[in-house]
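Down below is the structure, laid out as structure tokens.
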Amino acid sequence: MKTPEIKKFLTDRAWQADRLNEHIRITGWVRSTRHSKAGISFIEVNDGSSVSSIQVVAPKELVNYSEIEKITTGVSIKVSGILVESMGKGQDVEIQAKEVEILGAIEEPENYPIAKKRHTFEYLRGLPHLRIRTNTFGAIARIRSSVANKIHNYFFENGFHWVNTPIITSSDCEGAGELFKVSTLDHAQKKIAALDADYAEDFFGREAFLTVSGQLNAEAYCLAMSKVYTFGPTFRAENSNTSRHLAEFWMIEPEIAFADLEDNAALAEALLKAIIEHVLENCSEDLNFFTQQIDKALTGRLLGVLEKNFEKIPYTDAIEILKKSKGDFHFPVEWGLDLQSEHERFLTENYANGPVIVSDYPKDIKAFYMRLNDDGRTVSAMDVLVPGIGEIIGGSQREERLDILDSRIQSQRILSQLSWYRDLRKYGTVPHAGFGLGFERLISYITGMDNIRDCIPFPRTPGNAKI
Ligand code: ATP
Ligand code: MN
């Protein structure tokens with residue numbers, strides 16, 4: 001039988017009041033137990049609906065008490081009993097059990113990999129199917145789900161259409177890192193040199209890859225629907241073992257027509273603020289948990305983001321700021337070089353002490369589709385940088401002028417591959433802009449979890465695609 005979420009008994013005051021001293025049922029997994037010598041068992045039960053568990057008090061009079069007093073962490077149970085005010089501290093209500101049915105026991109409790117004690121995140125990363133049973137990973141999963149829902153709502157409320165761009169693509173020209181190949185050919189059997197000619201025999205009749213971004217496809221939809229976004233998985237075979245990179249991650253990519261870089265930056269700021277506001281209002285239990293357990297400054301920092309406008313710094317000024325800072329950087333600071341993570345962190349953490357939008361980067365370090373500025377040497381690109389992470393958003397105004405777009409595409413091969421993309425400039429071109437927000441970096445920012453591998457259920461990184 002379906003039972004209500006445990007969260008309702010704990011946090012919904014009206015729901016709780018209505019059921020006080022009434023018979024209720026719950027189902028869930030045991031988080032911890034205390035079996036007293038006097039013959040009472042205190043059992044904390046969690047069903048994933050909240051960080052808090054509900055306390056079940058089971059007296060020795062229950063017919064199966066000899067089984068109940070052997071219950072350990074992880075056992076699944078069904079409880080029926082009376083919801084009563086709790087005498088103990090830490091909870092308002094508890095359940096005086098009338099029946100405790102053990103649904104699934106724990107095989108060899110002494111070897112249960114996540115028995116009740118503190119485990120390191122690194123240890124838990126080895127157990128992606130079980131780590132979700134801990135408070136931290138439950139809280140991350142709830143915030144992830146709630147934020148995804150908010151993002152969809154935000155766009156729907158603002159007149160955007162969700163576009164499902166393909167995961168398999170044949171274009172290898174987005175210029176965003178290394179691609180994973182998609183093929184049904186038996187590559188092991190073929191000589192590498194012979195492969196090129198053989199793509200005709202391959203599943204798609206041409207070389208295909210996992211997408212690194214839905215942007216180019218989203219542009220096609222944007223140039224008919226005006227406001228669109230994608231929200232889906234993207235893949236990068238970059239061999240970077242950092243706490244901010246995954247080989248498979250989710251990206252939110254809005255694309256807006258009749259819009260310039262300023263409109264793009266305004267959308268990025270409004271979206272991030274709407275998400276943070278949502279989390280502060282709707283995920284407070286989980287957010288308090290992260291603030292207590294992971295990063296004491298978290299809630300204060302998120303509240304601070306809502307209070308002021310994002311700082312805006314053109315790249316050229318950012319270089320001056322970094323040079324003047326005399327910061328002890330590992331990588332060189334020079335006009336024309338890309339900003340490294342340490343530089344981004346300096347700008348957002350030390351200089352602005354909050355989110356920063358860096359714009360107008362040198363054209364030579366940015367992709368061909370970014371709009372050339374009048375100075376001829378920078379493009380209308382923007383990155384949003386946040387404390388603790390660095391880049392969380394990368395975006396640009398797109399080059400809508402066909403002749404300039406063509407001059408930015410160096411190779412004939414790419415030019416011919418992009419004939420459809422050039423069509424968009426030939427037939428009713430308009431100024432448009434968009435950006436990519438990394439979903440896991442966003443979750444890392446909102447939860448204070450340092451490592452991006454802990455911000456996605458089943459992380460894929462070089463050397464690891466467990467489960
Ligand atoms: P970085 O320089 O930090 O590697 P990027 O400039 O390659 O990122 P973009 O191509 O601009 O990233 O992608 C847009 C957004 O997607 C980034 O701002 C970031 O939030 C996210 N992102 C990019 N690469 C990854 C990755 N490997 N894992 C997780 N998120 C990523
Ligand atoms: Mn970027």
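The structure presented is a predicted model; accordingly, all values stated were derived computationally and were not measured. Counting convention: from 1, in listed order, for ligands and their atoms alike.
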Taking the six-membered ring of Phe209 (Phe, Tyr or Trp), confirm whether the NZ or CZ of Lys181 is under 6.0 Å from its centre and within 45° of its axis. no
Across all chains, not counting sequence neighbours, the side-chain hydrogen bond (donor to acceptor under 3.5 Å, both in side chains) partners of Ser226 are none
Side chains of His129 and Leu127, heavy atoms from C-beta outward: is any pair under 4.5 Å? yes
Numbered atoms and elements of ligand 1 in range of [X], under 4.0 angstrom, heavy atoms:
| X | answer |
| --- | --- |
| Ile393 | 18 (O) |
| Gly394 | 11 (O), 18 (O) |
| Glu238 | 24 (N), 26 (C), 27 (N) |

Just let me know how Ile452 lines up against ligand 1, side chain, backbone, both or neither, with a heavy-atom cut-off below 4.0 Å. side chain
Where's the contact between Arg441 and ligand 1, heavy-atom distance under 4.0 Å: side chain, backbone, both or neither? side chain
Which word best sums up how the rings of Phe155 and Tyr229 line up, parallel for under 30°, tilted for 30 to 60°, or perpendicular for over 60°? parallel
Any Lys/Arg nitrogen of Arg244 or Glu391 sitting under 4.0 Å from an Asp/Glu carboxylate oxygen of the other? no
Taking both backbone and side-chain atoms of [X], is any N or O found less than 3.5 Å from an N or O belonging to ligand 1?
| X | value |
| --- | --- |
| Ile392 | yes |
| Phe249 | no |
| Met251 | no |

Backbone N or O of Val51 within a donor-acceptor pair of the Glu285 side chain at under 3.5 Å? yes
